[in-house]
Amino acid sequence: MKQRLRQYIEKALQACFDQEELHSGIVPDIGLEVPARAEHGDFSTNVAMAMAREEKKAPRKIAEAIVAALGEGEGMWSRVEIAGPGFINFYLTPRCWFGVLDEIVRQGELFGRTRTGTGRKVQVEFVSANPTGPLHIGHGRGAATGDAVASVLDAAGYEVQREYYLNDAGNQMLTLGRSLLLRYRELLGETVDFPTDCYQGVYIIDLAREVFEREGDRLRDLPEDEALRYFAEYGGGKIRDGIEDDLAAFGVNFDNWYSEQSLYDRQEVERGIALLKERGLTFEKDGALWFRTTDYGDDKDRVLVRSNGATTYFASDVAYHKEKFERGFDTVIDVWGADHHGYVPRMKAVLAGLDRNPEDLQIILVQLVNLLRGGQQVAMSTRSGEFVTLREVIDEVGRDACRFFFLMRRSDSQLDFDLDLAKKQSNENPVYYVQYAHARVCSINRNAEEQGMSIPELGKIDFDCLTLEDELTLAKLLSRYPQVVDGAAENFEPHRIVFYLQELAARFHSYYNKGRVLVDEPEISRARLYLVNCVRTVLHNALVLLGVSAPERM
RNA sequence: GGCCCCGUAGCUCAGUUGGAUAGAGCGGUCGCCUCCUAAGCGAUAGGCCACAGGUUCGAAUCCUGUCGGGGCCGCCA
């Protein structure tokens, strides 16, 4: 719709230049937007004002020339007017708006998919929690956000891969092994002084018990390093499986689980370091090897190889990101907790050092989640092992409410997650509000069917039967959906989908309450049924992007 | 000390990339079920967009500074 209108305006501008009404000969970017107030039309453009400087002419004069050159628009609009300082406002005909309904019916589940990203490969890496403990609520927000960003990009036409980076190398796995081994020895009756730098959570004790029940005391007499390796491997595997299960329960499925250890096994880490060295971007100091990230705007240089010869986590990250681009992605997106924001400059430096545009790496920082119960903040501390797991929250409030709540806010503002509110089955809970709209349409469909009426097919509708203001409003709102998807994809902002859903649901509920869909006149009933099923389709399509279900009854 | 995010209605937050008279939900008040699901709808009250400058035809939006809230600053991962 917007595109078509833009073409008309471009044509009019060209005509003005040809007839020498206007002289600059430059067609600017034509800003077309939906005005905040209905009396300013359906679309409004500020081109005349934008051109004022170039043309050295009053905006309203320019607008007059453009409007004169516009012509009739072949029934697309009923009125064009110049308003305010020089806005050109278009009033589209109802017939034009209701055309979107046929479009929705034609495309069905594909309505809202665009071609914006066609031919571009994007990877979204998210969660990537260390396999040393279960996912907590903070990881849940990252999971919901990353998954929705991936879905939205997919809808916008990008080729998308979802990846989980598994930190299965380094001494954290040894710490996990040691934690388990000590708990195991406790179970065997030994008195153990459990160190503070070991993992404190009760899940460690549970895992140790599992081993004890399977293996008995067989592992007591193994050499220390062998026992550690056993426990690290067993624990890491189990925890990883648990993470995968939790994510599956949350509706999040990864295309790829990428092992950090595999980077070492394939000498990728060495290769990455060697490459930076070759390019003269490294130096030695205090027995360690550093990457001069300050050349690219970081505030400190960073260590790649420690003085004891061990590589840092940053070194494997260099290799990992280098390898990502070698896999052919045009854009790589990392979803991180905001507490890692300090790592952004050094990762951008990695790209610059590899002659890659730093913009090709996009980092989404997801802010903290404050868990509330009864209005009080729930205390959490990973160190002490006291935290609320994602699984517990899913079990308590349900997957739909959980995902919806995580996506209700922009990811760069902190989120209060009110457990009591998320559980409430009432009007205070926005999740049900949206789902209820979908269920209501389904209910209307069931009633129609009982009356022997089926959902009308494409093109079998007389749009002149849709005479209500609310019906036109709904059609306009529906037509906006593909742009909402594009905007959400372009800015990595899935919350835009949430707000759109709430608005669409609100308009539908209002319409529903004002009158009946199924009335005595069959033609009107059919037209309205057609309309509300378009609403249902868009509600469904948008909910799918968020990973929230669209129930047929509630 | 440096860096990142936030500051908009009593509360929680949107704000179409700089547009016209600033929006929603919750909470408050008052109404609506002979009728397709009241998990719903309608009405009403509520604002110095933290503050001060600047940029321009035009600023909640961009720039600078100040104040307030949160977070991060390891040869840990």
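Not measured: the values here are computed from a predicted model. Note on naming: letters A, B, ... go to the chains in the order of the sequence lines (proteins, then strands), and numbering restarts at 1 for each one.
Take the nearest nucleotide of RNA chain B for A/I444 and for A/E493: the residue whose nucleotide is more 5' is A/E493. Of the two residues near RNA chain B, A/L518 and A/A83, the one whose nearest nucleotide lies more 5' is A/A83.
If you take CG of A/D416 and C1' of B/C26, they are 14 Å apart, rounded to a whole angstrom. Between the CZ atom of A/R480 and the P atom of B/G15 there is a distance of 12 Å, given to the nearest Å. When the P atom of B/G15 is taken as reference, atom CZ of A/F499 falls 7 Å away, rounded to whole Å. We find that CZ of A/F406 is positioned 15 Å from P of B/C13, with the value rounded to whole Å. The nearest whole Å value for the distance from the CD atom in A/Q502 to the C1' atom in B/G40 is 15 Å. Spacing between atom CZ of A/F508 and atom P of B/A38 amounts to 11 Å, rounded to whole angstrom units. Between A/R302 atom CZ and B/C76 atom P there is a gap of 13 Å when expressed in whole angstrom units. Residue A/F87 contributes atom CZ, which lies 8 Å from atom C1' of B/G58 at whole-angstrom precision.
Rounding to the nearest 0.5 Å gives a distance of 12.0 Å between OG of A/S307 and NZ of A/K285. Of the inter-residue distances, the one linking A/L504 atom CG with A/L478 atom CG reads 5.5 Å to the nearest 0.5 angstrom. In this structure, OG on A/S413 lies 11.0 Å from CG on A/L368, to the nearest 0.5 angstrom.
In this model, the phosphate group of B/C76 is not approached by any side-chain N or O of A/T312 to a distance below 4.0 Å at OP1 or OP2. Note on A/S413: a side-chain N or O is less than 4.0 Å away from OP1 or OP2 of B/A14. The side chain of A/R440 places no N or O atom within less than 4.0 Å of a non-bridging phosphate oxygen (OP1 or OP2) of B/A39. Taking 4.0 angstrom as the limit, A/H495 places a side-chain polar atom (N or O) nearer than this to OP1 or OP2 of B/G15. Using a 4.0 Å cut-off, no side-chain N or O of A/R409 falls inside it from OP1 or OP2 of B/C6. Contact annotation: A/R553 side-chain N/O to B/A39 OP1/OP2 distance is not under 4.0 Å. The phosphate of B/A77 has OP1 or OP2 within less than 4.0 Å of a side-chain N or O from A/R306.
For A/D412, the listed nucleotide lying nearest its side chain is B/C6; candidates were B/C75, B/G74, B/C6. In this structure, the nucleotide among B/C73, B/A77, B/A38 sitting nearest to the side chain of A/Y436 is B/A38. Closest approach to the A/P35 side chain among B/A20, B/C36, B/C41 is made by B/A20 (side chain taken as heavy atoms from C-beta onward). Checked against B/C36, B/C41, B/C75, the side chain of A/V517 finds its nearest nucleotide in B/C36. Comparing atom distances between the A/H341 side chain and each of B/A20, B/A14, B/G71 picks out B/G71 as nearest.
At the heavy-atom level, A/T175 lies nowhere under 4.0 Å from the strands shown. Note on A/A439: a base of the nucleic acid sits closer than 4.0 angstrom, heavy atoms only. If you check every strand for non-hydrogen atoms under 4.0 Å, A/D286 touches a base. Nucleic acid contact for A/E39: base, since at least one base atom lies under 4.0 Å from a heavy atom of the residue. Across all strands shown, A/D470 has no heavy atoms under 4.0 Å from either base or sugar-phosphate atoms. When heavy atoms are screened at a 4.0 angstrom cut-off, A/D339 is found touching the sugar-phosphate backbone but no base atom. Among the heavy atoms of the strands, none lies under 4.0 Å from A/K514. Looking at heavy-atom distances under 4.0 Å, A/M408 makes no contact with the nucleic acid at all. Within the 4.0 angstrom heavy-atom criterion, base atoms lie near A/H340. Counting any heavy atom pair closer than 4.0 Å across all strands shown, A/G41 reaches no nucleic acid atom. Within the 4.0 angstrom heavy-atom criterion, no nucleotide atom of any strand lies near A/N167.
Distance check on atom C1': B/A20 versus B/U29 gives 32 Å, rounded to whole Å. For the P atoms, the distance linking B/A22 with B/G47 amounts to 13 Å, nearest Å. Separating the C1' atom of B/C6 from that of B/C51 is a span of 16 Å, rounded to the nearest Å. Rounded to whole Å, the separation between the P atoms of B/G74 and B/G18 comes to 36 Å. Between the C1' atoms of B/A59 and B/G2, the separation comes to 30 Å (whole Å). For B/G46 and B/U61, the C1' atoms lie 24 Å apart once the distance is rounded to whole Å. Between B/G19 and B/G58, the two C1' atoms lie 7 Å apart (nearest whole Å). Annotation: B/C4 and B/A45 have their C1' atoms spaced 39 Å apart (nearest Å).
Regarding the sugar-base torsion, B/U17 falls in the syn class, its angle being within 90° of 0. B/C6 takes the anti form, because its glycosidic angle lies more than 90° either side of 0.
A distance below 6.0 Å separates the ring centres of A/Y481 and A/Y500. You'll find the ring centres of A/H340 and A/Y343 inside the 6.0 Å limit.
Not a single donor-acceptor pair under 3.5 Å links the side chain of A/N89 to the backbone N or O of A/G41. Judged purely by atom type and a 3.5 angstrom limit, A/D286 has no side-chain atom pairing as donor or acceptor with the backbone of A/A288. At distances below 3.5 Å, not a single donor-acceptor pair connects side-chain atoms of A/S549 with backbone N or O atoms of A/D400.
Within 3.5 Å, a donor on the side chain of A/N46 pairs with an acceptor on the base of B/G19, or the reverse.
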Dot-bracket line, read 5' to 3' along RNA chain B, where crossing pairs take [ ] and | marks a partner on another strand, Watson-Crick or G-U under 3.5 Å: (((((((..((((.....[...)))).(((((.......))))).....(((((..]....))))))))))))....
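Note that A/R302 lies outside the cation-pi zone of A/F291, set by a 6.0 Å cut-off to the ring centre and a 45° limit from the axis. Remark: A/R440 is positioned above the aromatic ring of A/Y512, its terminal NZ or CZ atom under 6.0 angstrom from the ring centre and at most 45 degrees off the axis.
Under the stacking criterion of a centre-to-centre distance below 5.5 angstrom and an interplanar angle below 30°, A/Y433 is not stacked against the six-membered ring of B/A39. Residue A/H40 and nucleotide B/A20 are classified as a stacked aromatic pair, their ring centres being separated by less than 5.5 Å at an interplanar angle below 30°.
Each of A/D420, A/L419, A/D418, A/L421 was evaluated against A/V397; a single residue qualifies, A/L419, per the side chain to side chain contact (heavy atoms under 4.5 Å, CB included) test.
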Evaluate side chain to side chain contact (heavy atoms under 4.5 Å, CB included) for A/I9 paired with A/L32, printing each intermediate quantity in order. CA-CA 10 Å; A/I9 297 169; A/L32 252 187; 4.2 Å; yes
